Amino acid sequence: MTGEELQDLYQRYGRAVRARCRAMCGDTDADEALQETFLRAWKARGSFDGRHPLAWLHTIARNASLDLLRRRRPWVDDAEVWLRLPAPTPASGSERVDIGRLLADLTPEDAALLRLRYVEGWRIHELAEHFETSERSLRRTLERLEVRARAILRTSEVNG
Amino acid sequence: MSDPVSRFHLELLALGELDVDTAAAIRARMAEDPDLAERFARMERDLAGEVPLPLLELPADPQPGDVLPEESAPFDPDVEMPHAEPPPRSGLPRWASLGAVAAVLAAAVALFVLRPGGGPEVTFRGTLDLEVLRIRQGVAEPQGLLVKGRAGDRLQYRVRPSEGGFVSVFDVQDDGVVTVWKDAIEVAPGGVVEGAAILDDYAGLERVYFVLSDEPVHPAAFERAVHDAWGPPLADLDTIPGVDATQRSVTVVEDP
């Protein structure tokens, strides 16, 4: 693959890749994740496995986005995600502290999963496709994250 | 077509790259499924091109005579590696003064900017649930990312991966000493791995890494990855680069 060919892929699929990066990382980091994706694609061009280029790019984008999330923790301040989580009580000032504790304890994968599910509205089968895992596994993970969120919010209610 | 429509197919449809028959089938389903139609409409807006793409800058190909960066040798899991013997633990002073930490941090920032995402592509292996309890004088207290511990405390952990694999647990002190808390043990999806360790009187900072990998992580390989990553303060190493595994870690600081 030449540089010109990769630039063609960028023009053709860049927006689709950026949409996924934005869905995982948020608006602020989407372009950086996009650039990192194509930089990695360029470096890995020799190992392209022949599947649809967009599918190949999406796999790289997923890992690049997770790595970027790993370097930062933007979800700690991502109120939009947390206010949309299923919660027993409406979010309030005192609950933000405990939500912060929940968020700080999340892995990048957990944070990406919650953002895709509760902000972007992705369906279970779409999440399973994106993370290349089973729907059953994803449902279990989401249930655990929701239980954890509710437990922390209940603690806040008791202490508040 | 009765299976859910994949996001990938919707993207190809929006890009005009889906075969005629599949495209027709999806459009027929959209006519009966307003939710699917709305999701497709949203995707079309995302891909419409209203927001221009940033310029893509690719590094130039190496030219003859260019000095190429030395590639580290990949770890060969078939090579029998000795287990790292736990070193004698002592109350060593903290690893670096604040001035040295600042200098290292500046270098680490440059390192991570110039070599983003270095190391192998990490395969997503689902999630790794982690619970840590500190048990002191018979009282158990759940812990978060930061554990305050003192000599004699028992740290009890439970790891629950959503996907199967091998779970290993390593302790890394801020003087570079790596100790195996748990050798790689195979676990099924949704299974549980439990263990515990008694804290000694180490005065510095340490991190405990809980690792889920497709193949067992040899302690010597993990130790080598730690030494390769050494530079940023240990407090900044949420995961150890170069280890193809899902990792979670907790930081243990002295509770005087």
Side-chain angles (χ1 to χ4, degrees), chain A residues 2-3 6-7 10-16 18-20 22-23 31-32 34-36 38-40 42-44 52 54-55 58-60 62-64 66-68 70-71 73 101 104-105 107-110 113 121-126 129-134 136-138 140-141 144-145 148, chain B residues 3-12 14-15 17 35-36 38-39 42-43 45-61 112-113 116-130 144-146 160-163 189-190 236 238-239 241 246-248 250:
Chain A
T2 65
L6 190 71
Q7 289 283 359
Y10 183 69
Q11 292 302 319
R12 193 188 314 173
Y13 300 127
R15 288 181 183 79
R18 181 169 61 184
R20 292 226 182 178
R22 185 194 55 75
D31 279 350
E32 181 174 347
L34 171 68
Q35 292 278 329
E36 177 61 21
F38 277 84
L39 182 62
R40 292 188 185 191
W42 175 240
K43 292 179 180 176
H52 193 288
L54 182 54
H58 278 333
T59 297
I60 299 174
R62 182 193 67 217
N63 291 332
L66 289 174
D67 281 346
L68 193 148
R70 203 165 278 117
R71 292 199 296 275
R73 289 183 181 269
R101 218 178 84 204
D105 205 26
T107 64
E109 291 85 355
D110 289 345
L113 191 58
W122 284 31
R123 303 301 186 270
I124 294 292
H125 73 273
E126 293 177 322
E129 174 197 7
H130 181 66
F131 287 110
E132 296 179 67
T133 185
S134 68
R136 187 181 172 194
S137 171
L138 268 169
R140 281 204 305 266
T141 301
R144 278 198 296 275
L145 291 174
R148 189 182 301 173
Chain B
D3 292 334
V5 177
S6 73
R7 175 165 290 266
F8 183 62
H9 278 156
L10 289 179
E11 287 172 337
L12 292 182
L15 291 167
E17 295 191 12
D35 178 67
L36 178 62
E38 158 51 18
R39 281 162 46 215
R42 184 179 173 188
M43 186 173 291
R45 287 193 297 272
D46 283 343
L47 271 55
E50 291 175 1
V51 177
L53 289 173
L55 186 66
L56 176 65
E57 296 180 8
L58 298 174
D61 279 330
F112 281 100
V113 165
E121 284 288 330
V122 175
T123 305
F124 182 76
R125 296 179 184 81
T127 57
L128 193 62
D129 263 7
L130 173 66
L145 289 179
L146 183 66
R160 192 193 308 264
S162 61
E163 302 294 323
D236 289 347
D238 292 346
T239 60
T246 300
Q247 302 177 49
R248 294 199 64 175
V250 297

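Every chain is numbered from 1 and lettered A, B, ... according to where its sequence line falls, protein lines coming before strand lines. Since this is a predicted model, take the numbers as computed values, not measurements.
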Query raised in the report: Which of these passes side chain to side chain contact (heavy atoms under 4.5 Å, CB included) with A/His130: A/His125, A/Arg20, A/His58?
Result: A/Arg20
Requested in this report: Give, as side chain, backbone, both or neither, the part of A/Ala19 having an atom under 4.5 angstrom from any heavy atom of chain B.
Outcome: side chain
Query raised in the report: Where does A/His52 contact chain B at under 4.5 Å (heavy atoms): side chain, backbone, both or neither?
Result: side chain
Query raised in the report: Side chain, backbone, both or neither: which part of B/Leu53 has a non-hydrogen atom closer than 4.5 Å to chain A?
Result: both
Report task. Side chain from CB out, backbone as N, CA, C, O: work out which of these in B/Leu12 comes under 4.5 Å of a heavy atom of chain A, or both, or neither. Result -> side chain
Report task. Applying side-chain contact (heavy atoms from CB on, under 4.5 Å), name anything that partners B/Leu146, two or more places apart in sequence or on another chain. Result -> B/Thr251, B/Val253
Query raised in the report: Checking heavy atoms, do the side chain of B/Glu57, its backbone, both or neither come under 4.5 Å from chain A?
Result: backbone
Query raised in the report: Does any heavy atom of chain A fall under 4.5 Å from the side chain of B/Ser6, the backbone, both, or neither of them?
Result: both
Report summary line: Of A/Arg140, A/Arg136, A/Arg123, the largest count of non-hydrogen pairs under 4.5 angstrom with chain B goes to A/Arg123
Report summary line: Those residues at least two apart in sequence (or on a different chain) that pass side-chain hydrogen bond (donor to acceptor under 3.5 Å, both in side chains) with B/Arg160 are none
Query - Donor + acceptor pair across side chains of A/Thr133, B/Glu163 (<3.5 Å) - result: yes
Query raised in the report: Taking it one step at a time, do A/Tyr13 and B/Glu17 satisfy side chain to side chain contact (heavy atoms under 4.5 Å, CB included)?
Result: CA-CA 11 Å; A/Tyr13 300 127; B/Glu17 295 191 12; 2.6 Å; yes
Query raised in the report: Are B/Leu36 and B/Leu10 close enough that some pair of their side-chain heavy atoms sits under 4.5 Å apart?
Result: yes
Query raised in the report: Checking A/Ala44 against chain B: side chain, backbone, both or neither under 4.5 Å from a heavy atom?
Result: neither
Query raised in the report: Which bit of A/Leu138 is near chain B, if near means a heavy-atom gap under 4.5 Å: side chain, backbone, both or neither?
Result: neither
Query raised in the report: If we only count heavy atoms from C-beta on, is the A/Leu34 to B/Pro54 side-chain gap below 4.5 Å?
Result: yes
